[in-house]
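In this chain, residues are counted from 1 in sequence order. Bear in mind the structure is a predicted one, so any value in this text is a computation, not a measurement.
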Amino acid sequence: QVQLVESGGGLVQAGGSLRLSCAASGYTFSIYAMGWFRQPPGKEREFVSGISWSGGTIAYANSVKGRSTISRDNTKNTVYLQMDSLKPEDTAVYFCARDSVPFRPAITTGRTDFDSWGQGTQVTVSS
């Protein structure tokens, strides 16, 4: 079955960096777009970034644009999110998710368009 396992979260000071990883298994990784979402304390889960199945199309939420870089390695079945210049408002549980449609030509940002989710990794940014 589909498994997504995030890692790389932690406690970091404002201005610092973290690199999140999401290891996928149980399906053909290279034909599905992947997304990163986050859920701040007491708030809804929100889109952070997405990358197409080929890696050729990328999207970011305005809140992280210019400070984050998404990438994927289809040989390792892993998607990454490099986050720099972290702010306290980036504090959240970060989830990776698989797009429900193989070979989707565009990036989707809706939660309901993703059908498999990891357990999440906590990112805490102190001021």
Exercise: do D73 and T78 side chains pair donor with acceptor under 3.5 Å: no
Contact check, side chains of Q39 and F95, non-hydrogen atoms, under 4.5 Å: yes
Residue pair D115 / R98, side-chain heavy-atom distance below 4.5 Å: yes
Same cluster (ILVMFWY, side-chain, under 4.5 Å), L4 and I31: yes
is_close_aromatic(Y27, Y32), centroid dist under 6.0 Å: yes
Modelled atom types, side-chain donor and acceptor of T91 and E89, under 3.5 Å: no
Test side-chain contact (heavy atoms from CB on, under 4.5 Å) applied to T108 and D99, step by step: CA-CA 8 Å; T108 180; D99 193 328; 3.7 Å; yes
Atom of L11, atom of S126 and distance for their closest heavy-atom approach: CD1-CB, 4.4 Å
Beyond-backbone contact of L20 with W36, side-chain heavy atoms, under 4.5 angstrom: yes
E6 side chain to Q119 backbone, donor-acceptor under 3.5 Å: yes
Donor-acceptor contact below 3.5 Å, side chain S49 vs main chain A59: yes
Sub-4.5 Å side-chain heavy-atom contact between P40 and R45: no
Any donor-acceptor pair under 3.5 Å from T28 side chain to S30 backbone: no
Presence of salt bridge, E46 and R111, under 4.0 angstrom: no
Spatial distance of atom CZ (R72) from atom CD1 (I58) [nearest 0.5 Å]: 10.0 Å
Ring centers of W53, F29 separated by less than 6.0 Å: no
S100 and D113: CA distance, side-chain angles, deciding distance, side chain to side chain donor-acceptor pair (under 3.5 Å) verdict: CA-CA 6 Å; S100 61; D113 290 326; 5.3 Å; no
Hydrophobic cluster identity match, L81 and I107, side-chain contacts under 4.5 Å: no
Heavy-atom check, side chain of I70 versus side chain of Y80, under 4.5 Å: no
Same cluster (ILVMFWY, side-chain, under 4.5 Å), M34 and L18: yes
Sub-4.5 Å side-chain heavy-atom contact between V79 and I51: yes
Rounded distance [0.5 Å steps], CZ in R19 versus OG in S71: 6.0 Å
Shared hydrophobic cluster for F103 and V2 (ILVMFWY, side-chain gaps under 4.5 Å): yes
Note, M83 side chain near V123 side chain (heavy atom, < 4.5 Å): yes
Residues D84, R67: salt bridge by 4.0 Å N-O rule: no
Check: S52 side chain, T57 main-chain N or O, donor-acceptor pair, under 3.5 Å: yes
Same cluster (ILVMFWY, side-chain, under 4.5 Å), Y94 and F47: no
Contact check, side chains of L86 and Q13, non-hydrogen atoms, under 4.5 Å: no
